[in-house]
Each structure stands twice: as structure tokens, then as C-alpha cells.
Protein chains: 2
Amino acid sequence: MPPTNMGHCLTTLPSLRDALDVVSGKWKLLILVALATGHQRFRDIERSVPGISSKVLAKELKDLEQHQLVRRTVQEGPPVLVTYEVLPYADTLDPVIFALREWGLNHRRKIMGTGSEA
Amino acid sequence: MPPTNMGHCLTTLPSLRDALDVVSGKWKLLILVALATGHQRFRDIERSVPGISSKVLAKELKDLEQHQLVRRTVQEGPPVLVTYEVLPYADTLDPVIFALREWGLNHRRKIMGTGSEA
DNA sequence: GGTAGCTGCTCACTTTTAGTAAGCAAAGAT
DNA sequence: ATCTTTGCTTACTAAAAGTGAGCAGCTACC
């Protein structure tokens, strides 16, 4: 067996699948970040996640709620106020978000730089 | 401003979006892991990524190739042999994969544990 | 040399998901 | 009274994913 840089072999695929089942898709992580950075109302999130629609946001928030990453709170009014907040458990996703963000940053750099390496 | 655990605020959303544009979806990371763990032929990958279909695999591989994460090589035969391999650049995704794998592992543990306390 | 099998796909089709635009009830602001 | 904002939902359309079959090129076997 040649020495590769991968010690993760047997558990990787199933665990990754488990994670992806919860967190894959275009929007979920972005929504979590939006929430974590202080956007707690529906329209607020909608505005801060560029490109998302009400419909998809509503659905994604339901998913996130079901996965216990987000809590929806209704403060009976009037005016009725709906607030979303990340649950502590969602913080366990920080490493994922961090890694992806780093990679995205780097990838953009790479894409920008293609073709001009002296 | 209250001291939260997030130093990543301004660049997070765009970088994350960049990353997700390349890497989000149910299959791409799983395919990369399959490749990295020694499955280099089409049918081999297909078999090792449970649930994927030929059609989707073909499409995902094309995407990955276009993003310069994977290279397709045809060794003219006969028998014609098609091989896929992860390019070194794909290794930069290791932290992402690692983080997701860890999270998936933990999440499964959490889910298993719900409902049977006390 | 016929038939069965594997490989690396593609094609036609159905189902699921995402996206778009409009709208709606309750409230607030002017 | 009218207009705007909020937190959604509802129809509709478009795109993507999944399903099953199939196909060319080769091998393997008897």
C-alpha cells in the first residue's frame, strides 16, 4: 500500500453522505451564516442572501428547523414578530463553513489568475 | 457589538457562494473521495458511490473536469481504457471534506441518540 | 461463432426540485 | 384612505435528478 495523504477511507463516504444530506444544496449554509451575522427576520435574511426567493427560503428554513439547526419563534403582537435564530448545535458547522469559505476565497483567486502566470 | 464567535463576516457570504457553486450538490465530494481512494474507472466509481446513476455520474465528472478538479484520460486500446484521477488542486478540498466528514459522523451520533434518553 | 458479459457512456422519459410572479392578511406609516 | 412592510403561500414554468433501456466495442467461454 503506497503512502497516500489520506487516512480517512472507510468512514468517509457514509459520514460525508450523512452530512451532505443535511447541509448540501445552494442555500443552507448561506442562510446559517446570514442568521449568525445578525439577520433574524424573514425578509432580512431574504435580502441578505442574494438570489434566494421567498419560496425557497421558507422551505430551507423549515428544513433547517427540522434538523434542529434553527429555531423559529413567533412573538405574538400586534405586530406579530417572527424571528429565526441559529441554535447552538449549528455552531458545530463552523469548521465546515470556515473550510468552505477559505476554499472559495482561494478558488476565486485561482480562477482570476488563470492564464497570467509568468 | 457583542463578542460572538464569528470573526468571518464580510467575506463569508461571497466566498461561500463561490465554493458552493463548485462543490455543492449531493455527489461531487463523494465522487472526489471515491477517486482519491483508488476508484479510477467509470464503473468503479459508479459502484463505489452508492445511489448514483450513470447519467448523473457522467455529468458530475464533466463538471469536475471543467473545474479542474479531475482529469479524464483515454488510453487507446484495444481495449480502450478510460481513467479518471483527482488533480492535485482537488486536494485543497481536503479540509472541507474532513470537516464535513467529522460533522456527519457527529450528526449521526446525535440523531441516533434522540428519543431514547432516560 | 454465438451468446453472454463488461465498459463507458447516451437517450427518452418521468419525477422531483428550483425559480418566478403574483398575491394575501395583518399591521404601520402618511 | 392609500401605500408599504412583513411573512409567507400559491400557481405556474423551467431545470435538474432519477429510471430504464440501449449501444458500440471489446473479452471470455464453450
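Naming convention: chains lettered A, B, ... in sequence-line order (proteins, then strands); numbering from 1 in each chain. These numbers come from the heavy atoms of this one structure, side chains and all, not from hydrogens, waters or symmetry mates.
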What integer distance in Å separates [X]:[atom1] from [N]:[atom2]?
X     : N      : atom1 : atom2 : answer
A:L30 : C:dA18 : CG    : P     : 14 Å
B:I45 : C:dG8  : CD1   : P     : 8 Å
B:E65 : C:dC9  : CD    : P     : 9 Å
B:L20 : C:dA18 : CG    : C1'   : 16 Å
A:L57 : D:dT9  : CG    : P     : 11 Å
A:E46 : C:dA21 : CD    : C1'   : 13 Å
B:Q75 : D:dC26 : CD    : P     : 15 Å
A:L81 : D:dT5  : CG    : C1'   : 13 Å

Nearest to the side chain of [X], which nucleotide is it out of [options]?
X     : options               : answer
A:V56 : C:dG19, C:dG8, C:dC9  : C:dG19
B:F42 : D:dG7, C:dC9, D:dT9   : C:dC9
B:A58 : C:dT10, D:dG18, D:dC8 : C:dT10
A:R43 : D:dT6, C:dA27, D:dC8  : D:dT6
A:S54 : D:dC12, D:dG18, D:dC8 : D:dC8

Phosphate-side-chain proximity, [X] and [N], N/O vs OP1/OP2 below 4.0 Å:
X     : N      : value
A:Y84 : D:dC8  : yes
B:W27 : D:dA16 : no
B:R47 : C:dC6  : no
A:K26 : D:dA15 : no
B:K55 : D:dA16 : no
A:K59 : D:dC8  : no

- prompt: DNA chain C: A:G51 or A:P79, which has the more 5' nearest nucleotide?
  reply: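 Its nearest nucleotide lies further toward 5', so the answer is A:G51.
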I want to check something: taking the side chain as every heavy atom from C-beta on, are [X] and [Y] in contact at a cut-off of under 4.5 Å?
X     : Y      : answer
B:T83 : B:Q75  : yes
B:Y89 : A:H107 : yes
A:E46 : A:R41  : no

query: Taking NZ, NE, NH1 and NH2 as the nitrogens, is one of them in A:E65 or A:K62 under 4.0 Å from a carboxylate oxygen of the other?
result: no
field: Residue B:R47 excluded, over 12 heavy atoms near CZ under 6.0 Å
entry: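 For B:R47, atom CZ is crowded (more than 12 foreign heavy atoms under 6.0 Å).
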